Every structure is written in C-alpha cells, then in structure tokens.
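Treat the numbers as computed from the prediction; the structure is a model and nothing was measured.
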Amino acid sequence: TSETSQLKDQLSDKDAEADEKTTESGQQESEPEDSQESDADEESDAAGELASGKEDGGDGAEGQPAVAVLSLETTDDAGDSGSTDASEGGTGNPTVSAAWDAETGTLTIRNIDSLDQTAALNYVKELGTKSADVKALVIASVKEIAPYAFHQSLWTSLETVEIEGVETIGDHAFAGLPKLKAVTLRNIGSIGTDPEASLKGNSFAECRAVTKISMENVGLVGAETFRQCNALTSLEMKGVEAFGRSAFSFCTSLKSVVLDGASTEVGGDGIGSLGKTMFYGCTDLESVELKNFESIPIQMFSKCSALKSA
C-alpha cells in the first residue's frame, strides 16, 4: 500500500510539471500575437495620420490663388536684399512689388527703375500666370517703360492700360496690341522741364481696338504715338505740354477732340505746343476744341475732309 501511494505521488508530481510547461508555452505563443496586434494598431494610426496630412495639404494645390503678391525688399544699409511675400510677414521696406488678381485678370507693377519685356514676363511667371491671361495692366512709380516692353504677340488679351507716375514710355512699348480698348495716362514725364523725357514715338500706334484715351499732365506725346488707332471716336486731354508730329494721324473714326494745354503741375507755363500733321488723315473728324496752345502748326488738319469747326 505504501508503494502504491508513492507511485501516485510521483505521477501527480509529473502531471504538475507538465501543466506548468503547457502554461509557459501558451504564454510564449500568446505574446507574439499581442505584439502583432499592437504593431498593426500603430501602422493603422500612422496610415491615418499620413492620409490626413495629404488631405490637409491638398487644398492649396487645386489651383492658383485668386490674388498673388510678389514683394522685393531692400535694407536701408548696404546689406543684403531679401525677398518676401506678404503672407510671410516681411519687415523690410518694399521697393518693388507686383500683384496678380486672377478674378479680374489684373496685373499691377510698382516701384521699379526700368520695366522691359524680360522683367514683365518674369513678373507674370513668378506670380503663377502668363502674359496671355492679363486683361488689365496697372503701372505706377516706374522710371522707364522700355521700348517693345509689352509686345503684341505676347499680351494678346490686354484690354486696359493705366499708367501713372512714369518718366518715360519707350517707343512701340504697347504698339499693335490687338484687344486694347482703353488707355489712361497720368503724370507722365516732367511738366515744365525737358519734354523729351516722356512719351516716345509710336508707343500705342496701331492699337486698332482702342476707343478711349485719357491723358492728364503729360510732358510730350511723341511722333505718331497713337497713329492708326482706328476705333478711337473721341479724345479729351488736359495738361499735355507738347505733341509731336502726326500723334493721331490716320485715326479714321475720330470725330471730336478737346485738348487743353494748361499744366496743373508746379513749374508748367500753362501753354502747350501742337505738332505738325497732328491729325493728318482723320477723315471723320468733325469738331476740335483747343485751349492754351501757343499756335496751330502747318498741316495739322490735312486730309480732315469732314472737319466743320475748330
């Protein structure tokens, strides 16, 4: 009986050892499963964050902003100059700026010494557009607009041009623009000083869609500046110091003209001068009103067959 009891105790001990091994094995097998579930949860969270990041950043890439601004800064000292966008909170003094309004198609350029074709095209590129999309152009506080700056083959949609505070507009700067309809010029050149530093010849020649021209305080309207602007029907100007030869020649739809040579600028003498053959070939011109000009030059109204009063 004692032997039987000892045998039972040995078997019981062996069963207990086996149970312990089974329990340890089960724990070892369950640990990797828990670890895999944890890793899967982390990957899922990371994927969710990545997807969320892509969605958050996608809105700005759908299209260009309605309004874009480009500003260049210079320091007061001779230090390095920098570039900033208004959204970056720049602290320097802006000296050159350009802006693009996609909704109205308006390009604005300010505060630059010389604006030539390369500079103009660079501005539209930096602003995320192209020259063919520009419908309205505003230029202010520019020392010089270079010859051929806005070539007719590139600025094909340009309809209005407004320029103020510019010393010189170069020859053929806007010539031949196919859709240009309105031109506004204010404070161009130096009134009462050298009139050569203003509007050069053929600046707007052959802009055949122009119907409206407004000028105030312009030093010189150069030779053939508005030649063959065939859609122009009326003309009103104030404070233009001098007109060059054939400034409005062959504007065949022009019917009435009101010109005042009196300058509103300090230093102007209040008397303007008119150019030879200024309205040559304006076959529909019927009425002319001139004020504050020193004389009427020879052949100013040659080939103006419909002229009734002057």
Side-chain angles (χ1 to χ4, degrees), residues 72 74 95-98 107-124 131 134 136-152 154-155 158 160-177 180 182-207 210 213-229 235 237-249 259 261-269 271-276 278:
L72 306 180
T74 59
T95 58
V96 180
S97 64
L107 173 66
T108 302
I109 301 175
R110 301 178 184 275
N111 306 317
I112 186 173
D113 283 341
S114 180
L115 179 59
D116 59 11
Q117 184 177 117
T118 300
L121 294 176
N122 282 341
Y123 281 134
V124 294
S131 59
V134 178
L137 178 65
V138 178
I139 300 175
S141 301
V142 173
K143 185 174 181 180
E144 176 190 16
I145 300 175
Y148 299 94
F150 295 88
H151 196 274
Q152 58 183 321
L154 300 173
W155 304 82
L158 192 57
T160 64
V161 171
E162 182 177 341
I163 305 175
E164 182 171 6
V166 175
E167 289 188 17
T168 304
I169 299 176
D171 62 274
H172 295 86
F174 299 91
L177 292 173
L180 186 62
V183 177
T184 302
L185 305 173
R186 290 188 294 269
N187 302 321
I188 308 297
S190 301
I191 303 297
T193 58
D194 183 6
E196 290 299 320
S198 54
L199 201 62
K200 302 299 183 182
N202 293 282
S203 299
F204 293 89
E206 300 182 26
C207 292
V210 167
I213 296 173
S214 174
M215 290 200 288
E216 184 175 356
N217 296 325
V218 177
L220 169 67
V221 178
E224 302 185 11
T225 296
F226 295 98
R227 173 179 52 82
Q228 288 182 280
C229 290
L235 187 61
M237 302 185 186
K238 181 171 65 175
V240 180
E241 185 174 0
F243 291 90
R245 171 184 52 82
S246 303
F248 299 94
S249 59
L259 301 179
S263 169
T264 60
E265 291 287 326
V266 175
D269 59 11
I271 300 296
S273 63
L274 300 167
K276 295 179 179 179
M278 186 169 163

Compare every heavy atom of Ala247 with every heavy atom of Val221, then report the nearest pair and how far apart it is.
CG1-CB, 4.1 Å
Interatomic distance, Ser141 atom OG to Asn187 atom CG [nearest 0.5 angstrom]:
10.0 Å
What's the spacing between Ile213 CD1 and Cys229 SG if we round to 0.5 Å?
5.0 Å
Shortest non-hydrogen contact between Asn111 and Ser97, atoms and distance
ND2-OG, 4.4 Å
Could you walk me through whether Leu115 and Val166 pass the side-chain contact (heavy atoms from CB on, under 4.5 Å) test, one step at a time?
CA-CA 11 Å; Leu115 179 59; Val166 175; over 6 Å; no
Can you check side-chain contact (heavy atoms from CB on, under 4.5 Å) on Glu206 and Arg227, steps first, answer last?
CA-CA 6 Å; Glu206 300 182 26; Arg227 173 179 52 82; 3.0 Å; yes
Side chains of Tyr148 and Asp171: does their closest heavy-atom pair fall under 4.5 Å?
yes
Hey, are the side chains of Trp155 and Leu107 touching, using non-hydrogen atoms and a 4.5 Å cut-off?
yes
Should the pair Phe248 and Phe243 be assigned to parallel (<30°), tilted (30 to 60°) or perpendicular (>60°) ring geometry?
tilted
Got a second to check how far Ile169's CD1 is from Ile163's CD1, nearest 0.5 Å?
4.0 Å
Would you say Thr225 and Phe174 make side-chain contact, with heavy atoms under 4.5 Å?
no
What's the shortest heavy-atom distance between Val124 and Val134, and which atoms?
CG1-CG2, 4.3 Å
Answer whether the closest heavy-atom distance between the side chains of Val218 and Met237 falls below 4.5 Å.
no
Kindly indicate whether the side chain of Ser246, heavy atoms from C-beta on, has any atom under 4.5 Å from the side chain of Glu224.
yes
For Thr160 and Leu158, the nearest pair of non-hydrogen atoms, with its separation, is O-CD1, 3.7 Å
Compare every heavy atom of Tyr123 with every heavy atom of Ala98, then report the nearest pair and how far apart it is.
CB-CD2, 3.8 Å
Just so I know, are the side chains of Phe204 and Val210 near enough to count as touching, which here means a heavy-atom distance under 4.5 Å?
no
Below 4.5 Å, heavy atoms only, C-beta onward: do Met278 and Leu259 meet side chain to side chain?
yes
Nearest 0.5 Å, please: how far is NZ in Lys238 from CG in Asn217?
8.0 Å
Could you measure the distance from the CD1 atom of Ile145 to the CD1 atom of Ile112? Nearest 0.5 Å is fine.
10.5 Å
First locate atom CG of Asp116, then atom CZ of Phe150, and finally report the distance between them rounded to the nearest 0.5 Å.
9.5 Å
Quick check: closest heavy atoms across Leu180 and Cys207, and the distance to 0.1 Å?
CD2-SG, 3.9 Å
